[in-house]
Amino acid sequence: MMSAPRPTLLFDLDGTLADTALDLCATMNVILERHGRVRVPESRVRHLVGGGARLLMERGFRETGEPASADLLDRLFVEFIDHYSGHIADHTQLWPGVAGQLERLAARGALLGVCTNKPEQLSRQLLTTLGVDHYFPVVIGGDTLPVKKPDPEHLFEAIRQLAGDTAHAVMVGDSETDIDAARNARLPSICVSFGYTRVPVAELGADLVIDHFDEFPAALKRLMPHHFD
């Protein structure tokens, strides 16, 4: 007799599992100052974060003056990664409730993966530093494949590597990139309301929105009642 498919949960990283904004902002400002730009105040950072380091630097330059050329952005990206890797969790922490939910899901046999546009090596480094890498045997970063979110292949590859089933999978994110990826993959989605999005959460079109990870079990029960009762 074949065993029933296990639930597959795919998580975005920045803004979804962890509050990374302060470290991303700090690195962006180091690079901006290095190139003669002013610092972007912390109050603006959540408006800029999301979509990866290159896009963050592109937005940072637009925020502080003349946009950066493509060639300059290539150099800025390298500088950003080099500095950020040494300061990846100076201030970064898991959002409240995340650790407990991951432990609960692992105990129930759920398949857990990370789908992020952050470079894979940095994603793995951050998960290890935060002490949750053992929950995620599969990490698909922004440079793992030729495509990234919102391309559905980003999610499909994670499901394949987890030996999961798209009919029993959910995407959890915080931005239009995540919710669009889920929609493109025809997967249900859960959006956290406290992450980084340039579009109001209510307009993203997620199947469910949660305001705290304490609400996660109830959301999973609604979307996957056969797995979570």
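- More than 12 heavy atoms of other residues, nucleotides or ligands lie within 6.0 Å of CZ in Arg104, so this atom counts as buried by the packing criterion.
- To the nearest 0.5 Å, the span separating CG on Leu13 from CZ on Phe136 amounts to 8.5 Å.
- Nearest heavy atoms, Cys191 versus Val201: SG-CG1, 4.0 Å.
- Val40 and Leu55 sit in two unconnected hydrophobic clusters of ILVMFWY residues. Membership requires side-chain heavy atoms under 4.5 Å apart, directly or through other members.
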*Under the side-chain contact (heavy atoms from CB on, under 4.5 Å) rule, what do Leu17 and Val132 come out as? Steps first, then yes or no, please.*
CA-CA 10 Å; Leu17 289 172; Val132 294; 5.9 Å; no

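- Residue His83 holds its NE2 atom at 10.5 Å from CG of Asn29, rounded to the nearest 0.5 Å.
- Inter-residue side-chain proximity for Phe61 and Glu66 is flagged as unmet; no heavy-atom pair is nearer than 4.5 Å.
- Atom CD of Glu120 sits about 12.5 Å away from atom CD of Gln125, to the nearest 0.5 Å.
- Connection of Leu72 to Ile31 is established within a shared hydrophobic cluster, with ILVMFWY side chains joined at heavy-atom distances below 4.5 Å, either directly or through further cluster members.
- Note that the CG atom of Leu56 and the NZ atom of Lys118 stand 9.5 Å from one another [nearest 0.5 Å].
- Here the side chain of Arg54 pairs no donor or acceptor atom with the backbone of Leu76 at under 3.5 angstrom.
- Although no hydrogens or angles enter the test, the distance criterion places a donor-acceptor pair under 3.5 Å between the side chain of Asp174 and the main chain of Tyr196.
- Using a cutoff of 4.0 Å between basic side-chain nitrogens and carboxylate oxygens, Arg6 and Asp165 are not scored as salt-bridged.
- Side chain of Asp207 to backbone of Ser189: a donor-acceptor contact under 3.5 angstrom is found.
- Both Tyr84 and Met57 are members of a single hydrophobic cluster when ILVMFWY side chains are connected at heavy-atom separations under 4.5 Å.
- In the hydrophobic cluster analysis, where Ile, Leu, Val, Met, Phe, Trp and Tyr join through side-chain heavy atoms closer than 4.5 angstrom, Ile81 is grouped apart from Val78.
- Between Pro7 and Phe228 there is a side-chain heavy-atom pair separated by less than 4.5 Å.
- Annotation: the span from Lys149 atom NZ to Ser175 atom OG amounts to 6.0 Å, rounded to 0.5 Å.
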*asked:* For a side-chain contact (heavy atoms from CB on, under 4.5 Å) check, start with the C-alpha distance between Val139 and Leu127, then their side-chain angles and the critical distance, and finish with the verdict.
replied: CA-CA 10 Å; Val139 177; Leu127 291 168; 3.8 Å; yes

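- Within the 3.5 Å criterion, the main-chain N or O of Gly141 finds a donor-acceptor partner in the side chain of Thr144.
- You'll find the side chain of Leu122 reaches within 4.5 Å of the side chain of Pro119, heavy atoms only.
- The closest side-chain heavy-atom distance from Val98 to Leu102 is below 4.5 Å.
- Across all non-hydrogen atoms, the minimal contact from Ala18 to Leu130 is CB-CD1, 3.9 Å.
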*Evaluate the criterion side-chain contact (heavy atoms from CB on, under 4.5 Å) for residue pair Met28 and Leu24; output intermediate values, then yes/no.*
CA-CA 6 Å; Met28 177 185 67; Leu24 290 168; over 6 Å; no

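- Within 6.0 Å of CZ on Arg186 lie no more than 12 heavy atoms contributed by other residues, nucleotides or ligands.
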*Under the salt bridge (charged side-chain N to carboxylate O under 4.0 Å, His left out) rule, what do Arg39 and Glu33 come out as? Steps first, then yes or no, please.*
CA-CA 7 Å; Arg39 297 175 64 87; Glu33 288 186 320; 3.4 Å; yes

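- With contacts defined as side-chain heavy-atom distances shorter than 4.5 Å, the pair Val138/Val114 does not qualify.
- Between the side chain of Glu103 and the backbone N or O of Ala99, no donor-acceptor pair lies under 3.5 Å.
- Residues Trp95 and Phe194 place their aromatic rings such that the two centres sit under 6.0 Å apart.
- Looking only at side-chain heavy atoms (C-beta outward), His212 and Val192 stay at 4.5 Å or farther from each other.
- For the pair Ala89 and Thr129, the tightest heavy-atom approach, listed with the atom from each and the gap, is CB-CG2, 3.7 Å.
- At least one donor-acceptor pair closer than 3.5 Å links the side chain of Arg59 to the backbone N or O of Leu48.
- Ile159 has its side chain within reach of Leu187: a pair of non-hydrogen atoms, C-beta onward, lies under 4.5 Å apart.
- When hydrophobic clusters are built by joining Ile, Leu, Val, Met, Phe, Trp and Tyr residues whose side-chain heavy atoms come closer than 4.5 Å, directly or via intermediates, Tyr135 is not grouped with Ile140.
- For Ser193 against Val209, the heavy-atom pair with the smallest separation is CB-CG1, 4.0 Å.
- For His87 and Asp90, the side-chain atoms include at least one donor-acceptor pair closer than 3.5 Å.
- Taken to the nearest 0.5 Å, the CD1 atom of Ile190 stands 10.0 Å off from the CZ atom of Arg222.
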*Please step through side-chain contact (heavy atoms from CB on, under 4.5 Å) for the pair Glu63 and Leu32, ending with a clear verdict.*
CA-CA 10 Å; Glu63 187 89 356; Leu32 286 173; over 6 Å; no

*Apply salt bridge (charged side-chain N to carboxylate O under 4.0 Å, His left out) to the pair Arg62 and Glu58, showing each step before the final yes or no.*
CA-CA 6 Å; Arg62 289 184 180 277; Glu58 179 181 345; 3.7 Å; yes

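- Shown here for Gly15 and Thr20, the closest heavy-atom pair between the two residues is N-OG1, 4.3 Å.
- Residues Ala182 and Met171 come closest through the heavy atom pair CB-CB, 3.7 Å.
- Looking at Asp23, its side chain does come within 3.5 Å of a backbone N or O of His91 through a donor-acceptor pair.
- In this pair, Phe11 and Phe216 present their aromatic rings tilted. The plane angle is within the 30 to 60° band.
- Between Gln121 and Arg124, the closest side-chain pair of non-hydrogen atoms is not below 4.5 Å.
- Between Leu10 and the options Leu162, Leu111, Leu112, a side-chain contact (heavy atoms from CB on, under 4.5 Å) holds for only Leu162.
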